[in-house]
Novice: 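This is the structure I have questions about; it appears just below.
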Amino acid sequence: IPLCFTRKRVSLIRTMHAPSSPSSTDLHQLVQALTRNQAEDGLANTLTPVQWELLTGYLQLCVLVPGEVLITCGAADRAVYFVESGSLSVHFEDDKGRLKLALVGAGGLLGEGAFFAHGPRSATVQAGSACRVWSLTPIRFAELSNRQPALALGLVMAMGGVLAKRLANRRRRIATT
């Protein structure tokens, strides 16, 4: 089984598809999850089917089992994650253990804080159930920006919208990882 690699960390997250060759039908479930997501901090699905097809080659599927850590607080990783299915808990690790702060489900976005801020992760994200998430690394985003600038702009504007909504809502602010 191939591994899902993140910067400065090799994860034991199992992938179901070769990282470089997901098909457009693979993203069908993600697009449906984004469309159905009614969360106040949800990612607006403003991309066309053709744009989703173009984006497919830049994303990598990661499949997580319950309890598996996707993001570690303090890590330098800057990938952003689109949640296709399952639920993940976002929590801050303090001296006394973990304090659960937010839940992100299907159609949600994770990692936008570090992606934009170029800083360390602000919280830990752990799978609460079996999950399928699609990752976009900064390197792949730079490639997307060079090859498909309109698509990259649309995507980053949608991600920025999530960040703005979370920062404006005290309860959801910690979900910004």
Side-chain angles (χ1 to χ4, degrees), residues 4 6-7 9 11-16 22 26-47 52 55 58-94 97-138 140-141 154-177:
C4 177
T6 58
R7 198 172 180 195
R9 173 174 72 99
S11 175
L12 295 178
I13 300 170
R14 292 166 287 196
T15 60
M16 294 178 65
D26 290 332
L27 287 184
H28 180 72
Q29 295 297 321
L30 174 61
V31 173
Q32 284 186 339
L34 291 169
T35 303
R36 287 190 306 258
N37 186 354
Q38 297 298 312
E40 59 190 83
D41 62 345
L43 180 72
N45 182 11
T46 57
L47 303 182
W52 279 110
L55 186 58
Y58 296 91
L59 300 176
Q60 180 178 357
L61 175 64
C62 297
V63 176
L64 290 84
V65 297
E68 197 161 11
V69 173
L70 177 66
I71 295 173
T72 302
C73 185
D77 166 43
R78 288 186 43 236
V80 65
Y81 299 93
F82 304 89
V83 182
E84 177 182 304
S85 63
S87 66
L88 298 106
S89 65
V90 180
H91 54 271
F92 179 75
E93 297 176 16
D94 62 10
R98 293 184 173 169
L99 173 64
K100 187 186 249 185
L101 299 170
L103 288 176
V104 176
L109 180 71
L110 293 162
E112 76 288 353
F115 182 86
F116 286 116
H118 296 258
R121 297 295 189 173
S122 62
T124 294
V125 176
Q126 187 173 23
S129 64
C131 297
R132 288 172 52 101
V133 298
W134 293 88
S135 69
L136 177 64
T137 65
R140 296 299 284 162
F141 180 76
L155 183 62
V156 80
M157 292 299 291
M159 291 171 18
V162 170
L163 179 62
K165 291 174 202 173
R166 286 181 176 166
L167 292 178
N169 183 329
R170 188 178 314 210
R171 308 183 290 111
R172 298 297 296 166
R173 197 170 291 161
I174 194 59
T176 304
T177 55

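Both backbone and side-chain heavy atoms feed into the values below; hydrogens, waters and symmetry mates do not.
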Novice: With rounding to the nearest 0.5 angstrom, report the CG to OG distance, Leu110 to Ser135.
Specialist: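 Leu110 atom CG to Ser135 atom OG measures 11.5 Å (nearest 0.5 Å).
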
Novice: With side chain to side chain contact (heavy atoms under 4.5 Å, CB included) as the test, would you mind laying out the steps for Leu43 and Val162 before giving the verdict?
Specialist: CA-CA 6 Å; Leu43 180 72; Val162 170; 3.8 Å; yes

Novice: Can you tell me how far CG of Asn45 sits from CD of Gln32, rounded to the nearest 0.5 angstrom?
Specialist: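 Going from the CD atom of Gln32 to the CG atom of Asn45 covers 11.0 Å.
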
Novice: Any side-chain heavy atom of Leu88 within less than 4.5 Å of one from Ile71?
Specialist: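 Contact flag for Leu88/Ile71 side chains = no.
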
Novice: Taking the side chain as everything from C-beta on, heavy atoms only, tell me whether Lys165 gets closer than 4.5 Å to Glu40.
Specialist: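 No, every pair of side-chain atoms sits at 4.5 Å or beyond.
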
Novice: Can you tell me if Arg121 uses its side chain to pair, donor with acceptor, with the backbone of Gly111 under 3.5 Å?
Specialist: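 Pair found, side chain donor or acceptor close to backbone of Gly111.
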
Novice: Is there side-chain contact between Val83 and Asn37, with heavy atoms separated by less than 4.5 Å?
Specialist: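 No, too far: nothing below the 4.5 Å cut-off.
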
Novice: Would you sort out whether Phe82 and Val133 count as a side chain to side chain contact (heavy atoms under 4.5 Å, CB included), showing the intermediate values?
Specialist: CA-CA 5 Å; Phe82 304 89; Val133 298; over 6 Å; no

Novice: So which heavy atom on Thr46 is nearest to which on Ala158, and how close?
Specialist: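 Distance-wise, the nearest heavy atoms are OG1-CB, 4.4 Å.
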
Novice: So, the side chain of Ser129 versus the backbone of Gly86: is there a donor-acceptor pair under 3.5 Å, distance only?
Specialist: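 Checking the backbone N and O of Gly86 against the side chain of Ser129, no donor-acceptor pair under 3.5 Å is found.
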
Novice: Just so I know, are the side chains of Leu59 and Leu61 near enough to count as touching, which here means a heavy-atom distance under 4.5 Å?
Specialist: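 Not touching, per the 4.5 Å side-chain cut-off.
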
Novice: Could you please spell out the steps behind the side chain to side chain contact (heavy atoms under 4.5 Å, CB included) verdict for Val156 and Phe116?
Specialist: CA-CA 9 Å; Val156 80; Phe116 286 116; 3.3 Å; yes

Novice: To check you understand the geometry: which heavy-atom pair defines the closest contact between Leu55 and Leu27, and what is its length?
Specialist: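 Heavy atoms of Leu55 and Leu27 come nearest at C-CD1, 4.5 Å.
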
Novice: Do Val90 and Leu101 touch side chain to side chain, with heavy atoms closer than 4.5 Å?
Specialist: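 Val90 does not reach Leu101 side chain to side chain.
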
Novice: Would a 4.5 Å heavy-atom cut-off, applied to side chains only, mark Glu112 and Arg166 as touching?
Specialist: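 A side-chain contact exists here, since the closest heavy-atom pair is under 4.5 Å.
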
Novice: What is the minimum heavy-atom distance between Ala130 and Pro66, and which atoms define it?
Specialist: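 Scanning both residues completely, I find the closest heavy atoms to be N-CG, 3.7 Å.
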
Novice: With rounding to the nearest 0.5 angstrom, report the CD to CG distance, Glu84 to Leu34.
Specialist: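 It is 9.5 Å, given to the nearest 0.5 Å.
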
Novice: Of the non-hydrogen atoms in Glu68 and Val63, which two are nearest, and what is the gap between them?
Specialist: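 Glu68 and Val63 have their closest heavy atoms at OE1-O, 4.1 Å.
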
Novice: Does any N or O in the side chain of Thr124 come within less than 3.5 Å of the main-chain N or O of Cys73, such that one atom is a donor and the other an acceptor?
Specialist: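 Yes, Thr124 side chain to Cys73 backbone: donor-acceptor pair under 3.5 Å.
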
Novice: For residues Arg78 and Ala114, report the shortest heavy-atom separation together with the two atoms involved.
Specialist: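 Where Arg78 meets Ala114 most closely, the heavy atoms are NE-O, 3.2 Å.
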
Novice: Starting from the C-alpha separation in whole Å, work towards a yes-or-no answer on side chain to side chain contact (heavy atoms under 4.5 Å, CB included) for Leu155 and Leu136.
Specialist: CA-CA 11 Å; Leu155 183 62; Leu136 177 64; 3.6 Å; yes

Novice: If we ignore angles and hydrogens, is there a donor and acceptor under 3.5 Å between the side chains of Asp26 and Trp134?
Specialist: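 No, no side-chain donor-acceptor pair sits under 3.5 Å.
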
